[in-house]
Amino acid sequence: NAGVTQTPKFQVLKTGQSMTLQCAQDMNHEYMSWYRQDPGMGLRLIHYSVGAGITDQGEVPNGYNVSRSTTEDFPLRLLSAAPSQTSVYFCASSYGTGYEQYFGPGTRLTVT
Amino acid sequence: AQKITQTQPGMFVQEKEAVTLDCTYDTSDQSYGLFWYKQPSSGEMIFLIYQGSYDEQNATEGRYSLNFQKARKSANLVISASQLGDSAMYFCAMREKVGTGGFKTIFGAGTRLFVKA
């Protein structure tokens, strides 16, 4: 049982480049979320999904796209990277409403 | 709009003493959940404790307890008998239902706890 996995662990992009952060979980969780963590800001919700085919925006969705074609995978796409997107990105999954979230190890992204 | 407020950016506590980390929240929903997570310097997020809005008793998990005061919309984390390994960042989070059956979880800015030997 791998839990929540994220790839890559580190990434450097140039402004304007695009990329996809991968997230997968093997716990058959319906709920998955993407957060970004900036110093002094805590974790801010980017997008979340309540099941395959269903996604919605969180607090800071601009510049990011998501899709959920399977229960297991929830990729986050940066369409045109900007320096303001330099952050640590966490993916999380949860069994249900009253249950804790399981977090991936994070992806540290730097945009130059 | 929902909001989680952690007013203590940093806290110091002496080893073996108890410490309270403050968290207030703002929601108009009746059904919600409150969580505390710990983030050590290694960066992973570790779940500590959960309190549902309809739970009448305060949640406890080992040395962690959640002081839930619904009318005041506060959900403070109490750590008893602090240990050096408790030095970390602590986040309060709230989960609300949205739409038809979904939910989203919002985090506070966090409190950094330093345990002194």
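Sequence lines set the chain letters: A, B, ... in the order given, protein chains first and strands last, and positions in each chain run from 1.
With rounding to the nearest 0.5 Å, the separation of CG in A:L43 from CD in B:Q39 is 6.5 Å.
At a 4.5 Å heavy-atom cutoff, the contact between A:Q37 and chain B is made by side-chain atoms alone. With a threshold of 4.5 angstrom between heavy atoms, A:Y102 does not approach chain B through any atom at all. Of the atoms belonging to A:L45, it is side-chain heavy atoms, and not backbone ones, that fall under 4.5 Å from chain B. Looking at B:Q51, there are no atoms closer than 4.5 Å to chain A (heavy atoms on both sides), in backbone or side chain. B:Y32 does not touch chain A: none of its heavy atoms, backbone or side chain, sits under 4.5 Å away.
Under a cut-off of 6.0 angstrom, the local environment of CZ in A:R44 is crowded, with over 12 non-hydrogen atoms contributed by other residues, nucleotides or ligands. The neighbour count for B:K16 NZ, taken as heavy atoms of other residues, nucleotides or ligands under 6.0 Å away, does not exceed 12.
At least one side-chain heavy atom of A:E100 sits less than 4.5 Å from a side-chain heavy atom of B:F35. Contact of the B:I106 side chain with the A:E59 side chain is registered, since non-hydrogen atoms from C-beta on lie closer than 4.5 Å. For the pair A:Y35/B:T105, a side-chain contact is recorded, criterion being any heavy-atom separation below 4.5 Å from C-beta on.
Looking only at distances, a side-chain donor or acceptor of B:R95 sits under 3.5 Å from a matching main-chain atom of A:Y99.
Hydrophobic clustering (side-chain heavy atoms under 4.5 Å, transitive across Ile, Leu, Val, Met, Phe, Trp, Tyr) keeps A:L76 apart from A:Y31. Hydrophobic clustering (side-chain heavy atoms under 4.5 Å, transitive across Ile, Leu, Val, Met, Phe, Trp, Tyr) groups A:L78 together with A:I46. In the hydrophobic cluster analysis, where Ile, Leu, Val, Met, Phe, Trp and Tyr join through side-chain heavy atoms closer than 4.5 angstrom, A:V111 is grouped apart from A:F10. Hydrophobic clustering places A:L13 together with A:Y89 (ILVMFWY residues linked when any side-chain heavy atoms are closer than 4.5 Å, directly or through intermediates). The hydrophobic cluster containing B:L113 also contains B:I4, counting ILVMFWY residues as joined when their side-chain heavy atoms lie under 4.5 angstrom apart, directly or transitively.
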Audit row: B:Y37, A:F103, ring-ring contact (aromatic ring centres under 6.0 Å, His included) steps and yes/no: CA-CA 11 Å; B:Y37 289 85; A:F103 283 82; 5.4 Å; yes
